[in-house]
Each structure stands twice: as C-alpha cells, then as structure tokens.
Amino acid sequence: MTLPLDGIRVVTVDHAVSVPYAGRLLADLGADVVKVERPGGDFARFYDTACGDVSSYFAWINRGKRSVVLDLKSPAGLAAAHRLVDTADVVLANLGPGATARLGLDGDTLRARLPRLVTCELTGYGDGGPAAGRKAYDALMQSEAGLLELTGDGPVTARAGISVADIAAGVQVHAAVLAALLHRERTGEGATLRISLLEALTEWMHQPMLYALGTGAPPPRTGGHHPSIAPYGPFPCGDGVSVHLAIQNEREWARLCAVVLGDAALASDARFTSVRDRVANRDALHHEIDRRLATISADRAGELLDEADIAWTRVGLVADLPDHPQLVARDRWRRVAVPGATTVPMAVPPVDSSAWAAPDGAVPALGAHTREVLTELGYTGDELDALLP
C-alpha cells in the first residue's frame with residue numbers, strides 16, 4: 001500500500017522528546033524523516049540504558065528515522081545541513097532559544113528562499129512575553145501550567161508519570177504539519193508554524209482551569225480517584241488485587257450497590273444519593289466500598305461488575321502491558337530493532353486504516369545514515385571523507 005506521506009521528506013534538527021515524537025508520528029505515515037544529530041548524539045539517547053544502546057525514551061520516539069550526524073558549529077557541517085534542507089518538504093526544530101536563527105535554520109530565513117517549505121519550531125514559552133528565551137522542559141511545564149497542583153494525593157503533589165507536556169506539543173506539531181501540507185497541496189504555498197510547550201499543555205488544562213474559576217478552588221488531589229466524580233477509582237479486593245471502577249450516573253450507582261456491594265439500600269443513603277453527595281462524603285463512600293470488596297476476590301468483583309454493566313478494569317502494571325490480553329488478541333505489538341543487537345516490543349500506531357498499514361522501522365544508531373544521506377545530496381567520496389570524522 002502507498003503510505004499517506006510517501007515522497008515527503010522531513011528534516012528534524014531536534015532533541016529530547018516533543019519534536020522527535022512529532023517526527024515519529026510522521027514517519028509512521030511514511031515520511032522519510034532524517035534526524036540531524038550533533039556529534040555525540042541527541043542527549044535523549046542516554047537518558048537510561050533500558051533498550052540496548054539507547055534509552056527507552058529514544059527508542060520510543062525515533063523508530064523509523066534516519067540518523068545523520070553533522071556539526072552545525074562548523075561551516076562544512078552547517079552547509080551540509082542547509083543542503084539537506086533544500087531537499088525537504090518539512091523542517092522541524094526545537095533547539096535552544098535563538099539557536100535556529102543563529103544557524104539560519106529558522107522558518108523565516110528558510111522560507112525566504114524555499115516558499116513551499118513547511119517549517120515548525122517549538123519553543124518553551126513562544127515568541128515575546130516575559131518568559132521568551134527561557135529554557136523549558138516537561139516537568140517545568142507541568143509546574144508552570146498548574147498540572148502539579150492537580151496531581152498527587154492530599155497534600156502530596158506529583159508530576160505526571162509520563163512526559164505529558166512534550167506529548168501534547170508533539171501531537172500539536174504533528175497535526176499542524178499535516179494541515180500545512182494540505183494547505184500547500186491546495187495553494188502551492190508552505191507555512192511557518194510556531195508552537196510552545198506551555199501553550200500546548202495549556203490547551204489540555206482547560207477543564208481544571210474552568211472548574212477552579214467556577215468553584216473558587218482547584219480540583220482536589222485525590223490520587224487515583226477522580227476529583228469530581230465518585231466512586232471513580234481503584235479499590236482493593238480481598239486477594240490484594242485492585243479493581244478500578246467508574247460510576248457515571250445514578251443508575252450505575254444503584255446497580256453497583258445492588259449487584260456488586262450486595263446492599264441495594266445503600267443507593268438511597270442520603271450521603272450518597274447524587275454524585276455531588278458522594279464526592280462530599282468520599283471517605284465514608286470509600287469505606288463502604290472497601291469493606292464489601294475486601295470479602296471477595298478481584299475475579300469475583302469483575303464478574304459482578306460485568307453483571308451490573310459497570311465500566312471497570314484491573315489495575316495493571318506497566319511491565320505487563322505487552323501481555324495485555326486485549327492487545328495480544330488484536331496483534332498490536334511488534335518487535336523493533338534497536339542499537340545494541342536486540343529488539344524491544346512496541347505498539348503499532350493506534351489508528352487502523354483501510355488505506356494503509358504503518359511501516360516497520362528500526363531505531364537508528366547514531367549517524368547510521370550520514371554517508372547514505374549525504375551521498376543522496378551529491379557529496380563525493382573525497383567530500384565525505386573531509387566532512388565526516
């Protein structure tokens with residue numbers, strides 16, 4: 001099958017998570033994503049040692065790309081980068097503040113000579129304003145946008161367990177690039193795109209912001225439980241395994257009481273008759289549920305929750321995800337090669353299409369494609385020997 005982005009070249013001058021993730025999403029659609037790395041490599045390669053010679057972060061967001069090492073501080077390396085950009089449809093960057101402009105790789109400079117080019121630069125805080133030029137990373141953005149205030153349990157705050165600001169920004173970059181390519185197809189004109197980490201995460205923060213503005217207080221930190229719906233969260237069963245249940249309305253609450261908890265009268269207890277009452281009396285509510293679930297196993301609780309037609313799941317462990325029976329039954333895993341002569345499990349893209357299937361791609365070793373890509377640009381053997389270490 002022809003992939004949607006076959007024939008589209010994406011050049012990325014990036015590091016860390018946000019823009020590399022966007023590039024990975026474009027590679028999944030068939031784009032030729034050429035990742036330009038500094039000598040020594042993207043520092044995200046070395047965050048941990050979980051995947052052969054690269055980190056778990058790097059393996060996740062860089063599969064299916066080609067890695068080219070260029071020293072952008074040298075005239076020859078920078079010239080090679082510009083020669084590569086001349087062949088691109090899309091250029092993505094998230095270097096430090098002002099770095100792309102100093103290198104002539106910013107959108108305005110590139111599109112002055114390449115008007116059909118789509119460029120997207122991600123910064124921490126955007127252009128202008130008192131924070132422009134400051135460095136920004138995921139956990140800092142979680143604090144800046146107020147997410148830390150929401151995450152945790154009681155007085156204890158916690159960062160989200162995944163890089164949500166980076167992921168939010170990467171998804172926005174991916175969507176904006178696709179829209180810009182469609183715009184170019186219709187008009188013949190490229191686009192200069194700018195996205196900030198803070199504004200990408202702010203988009204995700206609307207609901208708690210509106211709640212805080214409307215009620216005068218932020219949603220309370222409630223651990224694994226929902227701050228404004230109850231019961232909605234994990235509860236331990238008698239065998240030590242927890243089930244996470246989600247009650248969305250009063251009909252489900254009544255069925256939970258009658259079928260699962262064995263006490264139909266509990267549904268009409270004045271403390272629990274509405275979702276607001278249950279949230280206000282959360283401790284008492286959890287006590288009633290805990291003491292009843294403590295008498296049965298998680299398997300039995302699941303059977304009863306299914307009988308009551310209530311949404312629920314076991315509380316899973318992240319290391320068990322590759323063996324999740326639903327994902328295994330739907331054949332959602334592939335073994336992906338990573339540097340270091342090993343493979344790791346990675347999920348196929350979550351969108352199934354009747355028109356294309358996602359390509360299989362390895363995680364590139366540092367500079368694995370430098371000679372290949374530069375040869376495509378017309379560099380001769382002597383020129384390559386002079387340019388490459």
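These numbers come from the heavy atoms of this one structure, side chains and all, not from hydrogens, waters or symmetry mates.
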**Student:** Mind checking whether Leu122 and Ile195 have side chains closer than 4.5 Å, heavy atoms only?
**Tutor:**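 Yes, at least one pair of side-chain atoms sits under 4.5 Å.
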
**Student:** Check this for me: Arg113, atom CZ, are more than 12 non-hydrogen atoms of other residues, nucleotides or ligands nearer than 6.0 Å?
**Tutor:**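 Yes - once you tally the heavy atoms of other residues, nucleotides and ligands closer than 6.0 Å, there are more than 12.
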
**Student:** Counting only heavy atoms not in Asp382, do more than 12 fall under 6.0 Å of its CG?
**Tutor:**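 12 or below, so no.
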
**Student:** Quick one: do His244 and His225 satisfy side-chain contact (heavy atoms from CB on, under 4.5 Å)? Show the steps, please.
**Tutor:** CA-CA 9 Å; His244 195 127; His225 293 269; over 6 Å; no

**Student:** For residues Gln248 and Ile229, report the shortest heavy-atom separation together with the two atoms involved.
**Tutor:**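 Of all heavy-atom pairs spanning Gln248 and Ile229, the closest is OE1-CD1, 4.1 Å.
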
**Student:** Just by distance, do the side chain of Arg63 and the backbone of Met346 share a donor-acceptor pair under 3.5 Å?
**Tutor:**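 It does not hold such a pair.
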
**Student:** Is it the case that Asp6 and Thr2 place a side-chain donor and acceptor less than 3.5 Å from each other?
**Tutor:**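 There is no such pair (donor and acceptor under 3.5 Å, judged by atom type) between the side chains of Asp6 and Thr2.
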
**Student:** Return yes if some donor-acceptor pair links the side-chain N/O of Asp166 with the main-chain N/O of Val17 below 3.5 Å, else return no.
**Tutor:**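 Side chain of Asp166 to backbone of Val17: no pair is present.
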
**Student:** Give a yes-or-no answer on whether the side chains of Glu383 and Thr380 include a donor-acceptor pair shorter than 3.5 Å.
**Tutor:**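 A pair is found: one side chain offers a donor N or O, the other an acceptor, under 3.5 Å apart.
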
**Student:** For Arg291, does the CZ atom sit with more than 12 other heavy atoms under 6.0 Å from it, leaving out its own atoms?
**Tutor:**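 It does: Arg291 CZ has more than 12 such atoms within range.
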
**Student:** What verdict does the side-chain contact (heavy atoms from CB on, under 4.5 Å) test give for Tyr232 and Leu245, after you've listed the backbone C-alpha separation in whole Å, the side-chain angles of each residue and the deciding distance to 0.1 Å?
**Tutor:** CA-CA 6 Å; Tyr232 195 141; Leu245 55 90; over 6 Å; no

**Student:** Short question: side chain of Arg292, backbone of Gly262 - any donor-acceptor pair under 3.5 Å?
**Tutor:**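 Checking the backbone N and O of Gly262 against the side chain of Arg292, no donor-acceptor pair under 3.5 Å is found.
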
**Student:** If two hydrophobic side chains count as joined below 4.5 Å and joins carry through other members, does Leu92 share a cluster with Trp60?
**Tutor:**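 Yes, Leu92 and Trp60 fall within the same hydrophobic cluster.
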
**Student:** Between the main-chain N or O of Thr109 and the side-chain N or O of Asp106, is there a donor-acceptor pair closer than 3.5 Å?
**Tutor:**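 Yes: the side chain of Asp106 pairs with the backbone of Thr109.
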
**Student:** Any chain of hydrophobic side-chain contacts (each under 4.5 Å) joining Leu95 to Leu140?
**Tutor:**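 Looking at the clustering, Leu140 is in a separate group from Leu95.
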
**Student:** Flag yes if Phe58 and Val173 sit in one hydrophobic cluster, no otherwise; membership is Ile, Leu, Val, Met, Phe, Trp, Tyr, and two members link when side-chain heavy atoms are under 4.5 Å apart.
**Tutor:**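 They do not share one cluster, since no chain of ILVMFWY contacts under 4.5 Å joins Phe58 to Val173.
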
**Student:** Would you say Leu150 and Pro227 make side-chain contact, with heavy atoms under 4.5 Å?
**Tutor:**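 Counting from C-beta outward, Leu150 and Pro227 never come under 4.5 Å.
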
**Student:** Over all heavy atoms of both residues, which pair between Leu147 and Met205 is shortest? Give the atoms and the distance, please.
**Tutor:**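 For Leu147 and Met205, the tightest heavy-atom pair comes out as N-CE, 3.6 Å.
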
**Student:** Would one find more than 12 heavy atoms of other residues, nucleotides or ligands at under 6.0 Å from atom CH2 of Trp356?
**Tutor:**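 12 or below, so no.
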
**Student:** Under the criterion salt bridge (charged side-chain N to carboxylate O under 4.0 Å, His left out), I'd like the reasoning laid out for Lys35 against Asp14: C-alpha separation, chi angles, the key distance, then a yes or no.
**Tutor:** CA-CA 7 Å; Lys35 180 182 177 73; Asp14 60 6; 2.8 Å; yes

**Student:** When rounded to the nearest 0.5 angstrom, what is the spacing between OG in Ser55 and CZ in Phe46?
**Tutor:**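 So the gap between those two atoms works out to 9.0 Å.
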
**Student:** Pair Glu288, Leu261 - check side-chain contact (heavy atoms from CB on, under 4.5 Å), show working.
**Tutor:** CA-CA 9 Å; Glu288 294 294 339; Leu261 305 182; 5.8 Å; no

**Student:** Should the heavy atoms of other residues, nucleotides or ligands under 6.0 Å from CD of Glu185 be counted, would the total exceed 12?
**Tutor:**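 Open.
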
**Student:** Rounded to the nearest 0.5 Å, how far apart are CG of Asp269 and CG of Asp277?
**Tutor:**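 Spacing of CG (Asp269) from CG (Asp277) equals 9.5 Å.
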
**Student:** Does Leu377 form a side-chain contact (heavy atoms from CB on, under 4.5 Å) with Leu84? I'd like the steps, not just the answer.
**Tutor:** CA-CA 7 Å; Leu377 298 179; Leu84 176 60; 3.9 Å; yes

**Student:** Assess, by modelled atom type and distance only, whether the side chains of Glu199 and Tyr125 contain a donor and an acceptor separated by less than 3.5 Å.
**Tutor:**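 There is no such pair (donor and acceptor under 3.5 Å, judged by atom type) between the side chains of Glu199 and Tyr125.
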
**Student:** If two hydrophobic side chains count as joined below 4.5 Å and joins carry through other members, does Leu78 share a cluster with Val13?
**Tutor:**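 In one cluster with Leu78: Val13, yes.
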
**Student:** Any side-chain heavy atom of Thr119 sitting closer than 4.5 Å to one from Leu193?
**Tutor:**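 Result no, sub-4.5 Å side-chain heavy-atom pair not found.
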
**Student:** Count the heavy atoms belonging to other residues, nucleotides or ligands that lie under 6.0 Å from CZ of Arg251, then report whether that count exceeds 12.
**Tutor:**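 Not more than 12 within 6.0 Å, no.
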
**Student:** Should the pair Glu376-Arg83 be classified as a salt bridge under the 4.0 Å nitrogen-to-oxygen rule?
**Tutor:**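 Looking at Arg83 together with Glu376, the answer is no, because their closest N to O distance does not fall below 4.0 Å.
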
**Student:** Without hydrogens or angle criteria, can the side chains of His174 and Arg24 be said to hold a donor-acceptor pair below 3.5 Å?
**Tutor:**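 Their side chains do not contain a donor-acceptor pair, so the 3.5 Å distance test is not met.
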
**Student:** Can you hop from Leu5 to Val34 via hydrophobic side chains spaced under 4.5 Å?
**Tutor:**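 Not linked; separate clusters.
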
**Student:** So, do Val85 and Leu114 sit near enough that their side-chain heavy atoms are less than 4.5 Å apart?
**Tutor:**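 SC-SC contact between Val85 and Leu114 confirmed.
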
**Student:** For Gly77 and Ser74, which heavy atoms make the closest approach, and how far apart are they?
**Tutor:**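 Between these two residues, the closest heavy atoms are N-OG, 3.0 Å.
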
**Student:** Is there a donor-acceptor pair under 3.5 Å between the side chain of Glu37 and the backbone N or O of Gly367?
**Tutor:**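 Checking the backbone N and O of Gly367 against the side chain of Glu37, no donor-acceptor pair under 3.5 Å is found.
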
